[in-house]
Amino acid sequence: MRVLVTGGAGYIGSVVTAALLEGGHEVTVLDDLSTGHEDAVPEGATLVRASLHDSAPVLADVRPEAVLHFAAKSLVGQSQESPELYWENNVGGSLALLEAMRAAGCRRIVFSSTAATYGEPEEVPILETAPTRPTNTYGASKLAVDAMLTSYAVAYDFAAVSLRYFNVGGAAYGRGERHATETHLIPIALQVAAGTREALTVYGQDYPTPDGTCIRDYVHVTDLAAAHLLALPAPAPGEHRIYNLGSGSGFSVQEMVDAVRTVTGHPLPVVMGPRRAGDPARLVASSERIHADLGWTPVHTALTAIVADAWEFAQRR
Ligand code: UFG
């Protein structure tokens, strides 16, 4: 299939681009390189440096049969401090993209949604039918795009899938996480293990969990990429599907610290800090729906496998 990947110079977008190329797809990457890296775009894909707001001429030229839409601002803290960035890029940018798709006659899309659309869950594991009550602007902006996709499916026969990622980790195809502003647990812990950061601050030890630290559902980026390839042809015109993507089990921050120590063989100095605002105690996905519909089963579910691949990537850089 001829596909356009927005955000293909970023962490997840570049891994999925590599998987698409391996699957025989023809890929054009649209990325403004505001947070992505040109050298992350896999060889074999064509990079067009442009923002979502200027995507219409690109779609008119490329005429893709489908779009995989990763490009977004994705920092929860930043979304609270500068919400306009999230409304403009995530919501305004996505609207411009959907309109560009409509003009170019492209109606198939896979969208990177997030667990943050649910907010604080009433029940765990979280099903796709759970209420969506985002607690930050990042989650609200992604939820708005999910709603856009539903209406475009109804009104314009779009075939759409929203994949709601939980905590993505690991590396694949020589590509991994490298953000200028790092806020995520795994890369920060690995920087401490590598000696480029002094200590890891654990945000809160008084949560109602067995060891008092937050529990998250970590999914390997390789498994996440496989889900995108399965989702791409799945929906019929007029259909908008929503799937959670997690591995179905939860690990605490303390268990992650232990895994990083085991994998790296380095001491990991830890400082106990207060809770980070807006962190739910426990976020674990039910991925039953995508398993039942598309046969997706995560393979790399061991915490040590996720950490080992991220560590190898970090070491090589
Ligand atoms: N944590 C620490 N110390 C750190 C960084 C993180 O203790 O230095 C803890 C957090 O408090 C949290 C866990 O590690 O309990 C995971 O934190 P991350 O920042 O790695 O990930 P989040 O669970 O906060 O965020 C993820 C996605 C977001 C998404 C969110 C949904 O990365 O994009 O889930 O709630 F919005």
Side-chain angles (χ1 to χ4, degrees), residues 7 10-13 35 70-80 83 86 89-90 111-121 124-126 130 132-146 162-170 176-177 179 181-193 196-221 224 244-247 250-260 268-285 303 306-307 310:
Y11 166 41
I12 300 169
T35 51
F70 300 90
K73 297 278 169 213
S74 63
L75 298 174
V76 170
Q78 184 189 49
S79 79
Q80 295 302 90
Y86 288 74
N89 286 279
N90 295 4
F111 171 61
S112 302
S113 187
T114 170
T117 54
Y118 296 112
E120 184 81 47
V124 176
I126 302 171
T132 43
R133 293 185 292 232
T135 53
N136 52 63
T137 304
Y138 168 63
S141 72
K142 289 283 182 172
L143 186 60
V145 180
D146 284 344
S162 292
L163 297 176
R164 291 189 172 155
Y165 308 160
F166 281 63
N167 290 65
V168 187
E177 227 169 329
H179 298 120
T181 311
E182 197 50 80
T183 63
H184 289 133
L185 177 60
I186 299 175
I188 287 179
L190 292 178
Q191 286 171 5
V192 177
T196 56
R197 191 189 278 257
E198 213 167 296
L200 171 76
T201 303
V202 172
Y203 299 139
Q205 318 86 55
D206 56 350
Y207 283 96
T209 59
D211 65 26
T213 64
C214 285
I215 291 177
R216 292 291 180 272
D217 184 338
Y218 294 91
V219 57
H220 196 293
V221 70
L224 197 80
N244 288 342
L245 284 182
S247 64
F251 295 99
S252 70
V253 174
Q254 185 56 54
E255 285 174 302
M256 182 60 82
V257 167
D258 294 340
V260 170
L268 182 64
V270 160
V271 174
M272 294 303 174
R275 290 184 178 195
R276 185 171 68 177
D279 273 345
R282 192 157 176 251
L283 288 177
V284 179
L303 213 47
I306 293 172
V307 172

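Note that ligands are numbered from 1 as they come in the structure, with each ligand's atoms numbered from 1 the same way. Sequential numbering from 1 along the given sequence is applied to the chain's residues.
- In this structure, D279 and C214 approach most closely via the heavy-atom pair CB-SG, 4.4 Å.
- Contact annotation for T213 and ligand 1: no heavy atom of the residue comes within less than 4.0 Å of the ligand.
- If you look at Y138 next to ligand 1, the close heavy atoms, those under 4.0 Å, all belong to the side chain.
- Among protein heavy atoms, atom 9 (C) of ligand 1 sits closest to V253 CG2, 3.7 Å.
- The proximity of V168 to ligand 1, defined as any non-hydrogen pair under 4.0 Å, does not occur for either the backbone or the side chain.
- In terms of protein heavy atoms, atom 11 (O) of ligand 1 is closest to D279 OD2, 2.6 Å.
- The contact set between ligand 1 and T114, taken as ligand atoms under 4.0 Å from a residue heavy atom, comprises 29 (C), 36 (F).
- Close contacts between ligand 1 and C214 involve ligand atoms 15 (O) [criterion: under 4.0 Å to a heavy atom].
- Close approach to T183 involves these atoms of ligand 1, each under 4.0 Å from a residue heavy atom: 5 (C), 19 (O).
- Shown in contact with V202 at under 4.0 Å from a heavy atom are these atoms of ligand 1, numbered in order with element: 7 (O).
- Here the protein heavy atom with the shortest distance to atom 2 (C) of ligand 1 is Y203 CD1, 3.3 Å.
- Counting protein heavy atoms only, atom 23 (O) of ligand 1 is closest to R216 NE, 2.7 Å.
- The distance from atom OG of S79 to atom CG of N89, rounded to the nearest 0.5 Å, is 12.0 Å.
- Across the listed options A72, A116, G77, A116 owns the non-hydrogen atom lying nearest to atom 30 (C) of ligand 1.
- Applying the side-chain contact (heavy atoms from CB on, under 4.5 Å) rule to P280 yields the partners E120, P121, R216, L283; only residues at least two apart in sequence or on another chain are considered.
- Of the possible donor and acceptor atoms, none in the side chain of K73 sits under 3.5 Å from a partner among the backbone N and O of N90.
- Shown in contact with T201 at under 4.0 Å from a heavy atom are these atoms of ligand 1, numbered in order with element: 2 (C), 3 (N), 4 (C), 7 (O), 8 (O).
- Each of the following atoms of ligand 1 lies closer than 4.0 Å to a heavy atom of L283: 35 (O).
- A cation-pi arrangement, defined by a distance under 6.0 Å to the six-membered ring centre and an angle within 45 degrees of its axis, is absent between R282 and Y207.
- Close approach of ligand 1 to V76 (heavy-atom distance below 4.0 Å) involves ligand atoms 36 (F).
- Using a 3.5 Å distance cut-off with no hydrogens or angles, the side chains of Q78 and Y86 do pair a donor with an acceptor.
- At under 3.5 Å, a nitrogen or oxygen of R276, whether backbone or side chain, sits near a nitrogen or oxygen of ligand 1.
- Taking every heavy atom of H184 and a limit of under 4.0 angstrom, the matching atoms of ligand 1 come to 18 (P), 19 (O), 20 (O), 21 (O), 32 (O).
- Looking only at heavy atoms of the protein, atom 25 (O) of ligand 1 is closest to N167 ND2, 3.9 Å.
- In terms of protein heavy atoms, atom 20 (O) of ligand 1 is closest to L185 N, 2.8 Å.
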